[in-house]
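The structure appears below as structure tokens.
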Amino acid sequence: MKKHVYISISADLIHHGIINILKEAVKYGEVTVGLLTDSAIASYKKLPVMNYSERLQVVESLKYVSNVVKQDSLDPTDNLLKLKPDYIIHGDDWKVGFQSSYRNKVLACIEEWGGKLVEIPYTKGISESILHSAMLSVGVTPERRLLSLRRLLAAKPILKFCEVHNGLTGSIVENTKVITDKPYEFDGMWASSLTDSTSRAMPDIEAVDISSRLRLVDEVFEVTTKPLIFDGDTGGIPEHFKFTVRQLERLGVSAVIIEDKTGLKKNSLFGNDVKQTQDSIENFCEKIRIGKESQITDDFMIIARIESLILEKGMDDAMSRAKAYIDAGADGIMIHSRKKDPSEIFEFCEKYQRIENRKPLVVVPSSFNQVTEDELQLKGVNIVIYANQLLRAAYPAMRKVAESILINHRSLECDSSLMKISEILDLIPGTR
């Protein structure tokens with residue numbers, strides 16, 4: 001009687017290391033592949049370049065594979081309990097690191113029916129992350145990048161976006177990763193109007209024209225692959241907004257967020273300390289409709305930002321606007337607050353969850369920054385934007401160095417605050 005073998009793979013890249021494992025697996029019996037879903041992969045690294053359906057076609061065509069089943073988590077035990085394979089084949093690299101806990105669960109699981117774990121030595125010279133980076137270094141098409149936000153929203157319960165205001169910050173958001181209980185990295189980038197303007201020493205009043213801001217997006221896209229959400233301020237007059245949508249879409253921007261205010265833009269965190277005028281629900285809904293009608297694809301997203309809590313118009317006004325904007329075609333809602341206490345944001349989130357046709361919910365916890373992503377996720381938030389932290393970190397550091405040089409009439413004293421030139425050269429691909 002033929003034995004049954006189970007192996008888990010992501011198959012975004014089919015390299016000789018995976019082929020080696022499959023060749024070894026087929027010696028033990030009929031091979032069933034547990035193909036990781038986009039959600040399973042995104043739980044510990046970047047969203048795969050190919051979606052699940054595309055990867056499924058690749059794996060099904062491999063001669064070593066008899067069956068393919070969907071694996072919804074890095075933990076394969078649900079599938080193992082259903083299939084009860086005789087052998088589980090895995091690379092020996094999971095003996096250490098965050099995946100070791102899954103290994104222990106597998107060993108405990110297969111003991112129930114006498115299954116055996118066979119660990120194949122990791123193929124030397126193979127680093128899937130390096131291969132993936134090399135593949136992406138040639139760039140990503142606008143179409144692929146644009147769609148990636150919707151794919152991420154479908155794959156992960158909450159996304160984290162961080163502001164970018166030049167190519168270097170884009171590279172930081174693209175490549176920064178930490179490993180605690182598992183790997184973590186940012187899901188995408190936020191092209192902030194505030195940080196773009198401030199980095200140019202210009203006021204945040206839409207003084208930087210759309211063409212200049214689109215050049216920044218282009219610069220960031222040269223060195224990144226992750227999705228970008230564009231801060232569209234008020235969106236301008238409706239007749240201009242439709243052209244902005246088309247320009248963003250052609251570049252590969254995934255979404256634009258526009259706020260329901262009119263007149264000369266003032267930063268929301270001023271609240272009622274400066275004169276700010278909220279647009280009527282009817283006018284803003286019409287702007288949303290015009291933007292949606294101007295889209296070329298269904299993948300681009302227009303997210304409506306509600307200023308009712310900022311302007312102290314009350315929760316009822318905020319909820320009325322959320323419902324109206326969704327009915328007008330908005331693909332998401334952003335709610336904002338300048339209070340340090342997150343209670344009104346939490347109240348909005350709870351009420352918002354009762355809307356039957358609700359769309360993804362976005363928050364920017366600049367003021368209420370004690371709130372964790374886990375807490376926001378429990379409240380139903382889908383996207384968290386860290387809207388200005390990189391710029392706010394850079395400015396004090398640069399000013400401190402400038403003052404040190406002036407005080408000491410040399411740069412020696414500030415050396416400890418600086419990166420080495422060699423580290424800067426290594427930071428930028430292709431410099432050496």
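Annotation for Lys323: atom NZ does not count as buried by contact number, only 12 or fewer foreign heavy atoms lying within 6.0 Å. Within a 6.0 Å radius of CG in Asp316, no more than 12 heavy atoms belonging to other residues, nucleotides or ligands are found. Counting heavy-atom neighbours within 6.0 Å of Asp298 CG, excluding the residue itself, gives a total of 12 or less.
No donor-acceptor pair closer than 3.5 Å links the side chain of Glu347 to the backbone N or O of Met315. Checking side-chain atoms of Asp72 against main-chain N and O of Ala40 turns up no donor-acceptor pair under 3.5 Å. Looking at Asp12, its side chain does come within 3.5 Å of a backbone N or O of Met50 through a donor-acceptor pair. Judged purely by atom type and a 3.5 angstrom limit, Arg150 has no side-chain atom pairing as donor or acceptor with the backbone of Leu147. Of the possible polar contacts, none joining the Asp231 side chain to the Ser192 backbone as a donor-acceptor pair under 3.5 Å is found. With hydrogens and angles ignored, the 3.5 Å screen pairs no side-chain donor or acceptor of Ser171 with any backbone N or O of Gly167. With hydrogens and angles ignored, the 3.5 Å screen pairs a side-chain donor or acceptor of Thr198 with a backbone N or O of Leu194. Between the side chain of Lys313 and the main chain of Ala318, no donor-acceptor pair closer than 3.5 Å is present.
In summary, Asp38 and Arg55 engage in a salt bridge, as defined by a charged side-chain N under 4.0 Å from a carboxylate O. One finds no salt bridge joining Asp279 and Lys261 here, because no Lys/Arg side-chain nitrogen approaches an Asp/Glu carboxylate oxygen to under 4.0 Å. Salt bridge Arg103/Glu119: present, at least one basic N to carboxylate O contact under 4.0 Å. Between Lys160 and Glu373 a salt bridge is recorded (basic side-chain N to carboxylate O distance below 4.0 Å). Between Asp317 and Arg321 there is a salt bridge, since at least one side-chain N of the basic residue sits less than 4.0 Å from a carboxylate O of the acidic one. In this structure, Glu286 pairs ionically with Arg289, as a charged nitrogen and a carboxylate oxygen lie closer than 4.0 Å. In this structure, Arg144 pairs ionically with Glu54, as a charged nitrogen and a carboxylate oxygen lie closer than 4.0 Å. We find that Lys242 and Glu239 are not joined by a salt bridge, their nearest charged nitrogen and carboxylate oxygen being 4.0 Å or further apart. With salt bridges taken as basic N to acidic carboxylate O contacts below 4.0 Å, none links Asp260 and Arg305. Between Lys292 and Asp331 there is a salt bridge, with a side-chain nitrogen of the basic residue lying less than 4.0 Å from a carboxylate oxygen of the acidic one. Using a 4.0 Å cut-off between a side-chain N of Lys or Arg and a carboxylate O of Asp or Glu, Glu174 and Lys226 do not qualify as a salt bridge. Using a 4.0 Å cut-off between a side-chain N of Lys or Arg and a carboxylate O of Asp or Glu, Arg213 and Asp196 qualify as a salt bridge.
Here Lys182 contributes atom NZ and Leu74 contributes atom CG; the two are 8.0 Å apart, rounded to the nearest 0.5 Å. In this structure, CZ on Arg338 lies 13.5 Å from OG on Ser366, to the nearest 0.5 angstrom. Atom CG of Leu216 and atom OG1 of Thr169 lie 7.5 Å apart (nearest 0.5 Å). Note that CD of Gln295 is 10.5 Å distant from CG of Leu248, once rounded to the nearest 0.5 Å. With rounding to the nearest 0.5 Å, the separation of CD1 in Ile306 from CD1 in Ile335 is 5.0 Å. Interatomic distance, Phe230 CZ to Gln247 CD, rounded to the nearest 0.5 Å: 9.0 Å.
In the model, Ser280 has a side-chain atom that pairs as donor or acceptor with a side-chain atom of Asn283 under 3.5 Å. Gln57 and Tyr52 share no donor-acceptor pair across their side chains, judged by distance under 3.5 Å alone. There is no side-chain donor-acceptor pair under 3.5 Å between Ser148 and Arg151. No hydrogens or angles considered: a donor-acceptor pair under 3.5 Å links the side chains of Thr297 and Glu249. Between the side chains of Glu375 and Thr372, a donor-acceptor pair is found at a separation under 3.5 Å. When only modelled atom types and interatomic distance are considered, Arg145 and Thr224 share a side-chain donor-acceptor pair under 3.5 Å. Side-chain contact, Thr234 with Glu259: no donor N or O sits under 3.5 Å from an acceptor N or O. In the model, Ser308 has a side-chain atom that pairs as donor or acceptor with a side-chain atom of Gln278 under 3.5 Å.
Side chains of Ile9 and Ile21 form no contact here, defined as non-hydrogen atoms less than 4.5 Å apart. The shortest side-chain heavy-atom distance between Leu159 and Leu149 falls under the 4.5 Å cut-off. Residues Trp94 and Ser100 are not in side-chain contact: their nearest non-hydrogen atoms beyond the backbone lie 4.5 Å or more apart. Using a 4.5 Å heavy-atom threshold, the side chains of Ser73 and Asp78 count as separate. Between Phe300 and Ser254 there is no side-chain heavy-atom pair separated by less than 4.5 Å. Residues Ile158 and Asn382 fail the side-chain proximity criterion, which asks for heavy atoms closer than 4.5 Å. Cys285 is listed as a side-chain neighbour of Tyr325, based on a closest heavy-atom distance under 4.5 Å. Side-chain contact between Ile326 and Ile333: present, with at least one pair of heavy atoms (C-beta onward) separated by less than 4.5 Å.
Nearest approach of Lys339 to Ser337, heavy atoms of both residues: N-OG, 3.1 Å. Pairing each heavy atom of Ala387 with each of Glu163, the nearest pair is O-CB, 3.1 Å. For the residue pair Ser199 and His165, the shortest heavy atom distance occurs at CB-CD2, 3.9 Å. For the residue pair Gly235 and Phe241, the shortest heavy atom distance occurs at O-CB, 3.3 Å. When all heavy atoms are compared, the tightest approach of Cys109 to Thr77 is CB-CG2, 4.0 Å. Residues Gly252 and Phe221 share a closest heavy-atom pair of C-CE2, 3.9 Å.
Classified by interplanar angle (parallel below 30°, tilted 30° to 60°, perpendicular above 60°), the ring pair Phe186/Tyr386 is perpendicular. The aromatic rings of Phe98 and Tyr102 stand perpendicular to each other, their planes meeting at an angle above 60°, with 30° marking the opposite boundary.
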Quick one: side chains of residues 390-407, donor-acceptor pairs under 3.5 Å with protein atoms, not counting sequence neighbours, listed by atom name and distance.
residue, atom, partner, partner atom, Å
Arg392, NH1, Asn388, OD1, 2.7
Ser404, OG, Asn408, ND2, 3.4

| message | One pair to check against side-chain contact (heavy atoms from CB on, under 4.5 Å): Ile385 and Val363. What are the steps and the verdict? | response | CA-CA 6 Å; Ile385 297 177; Val363 300; over 6 Å; no
Assess whether side-chain contact (heavy atoms from CB on, under 4.5 Å) is satisfied between Leu228 and Trp190, documenting all intermediate values. CA-CA 6 Å; Leu228 182 140; Trp190 165 244; over 6 Å; no
Please report the C-alpha distance between Val69 and Leu35 in whole Å, then the side-chain angles of each, then the deciding distance to 0.1 Å, and finally whether the side-chain contact (heavy atoms from CB on, under 4.5 Å) criterion is met.
CA-CA 6 Å; Val69 296; Leu35 184 61; over 6 Å; no
Requested in this report: May I have the step-by-step check of side-chain contact (heavy atoms from CB on, under 4.5 Å) for Met334 and Val364, ending in yes or no?
Outcome: CA-CA 8 Å; Met334 174 181 158; Val364 180; 3.2 Å; yes
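Note that Lys379 lies in the cation-pi zone of Phe346, set by a 6.0 Å cut-off to the ring centre and a 45° limit from the axis.
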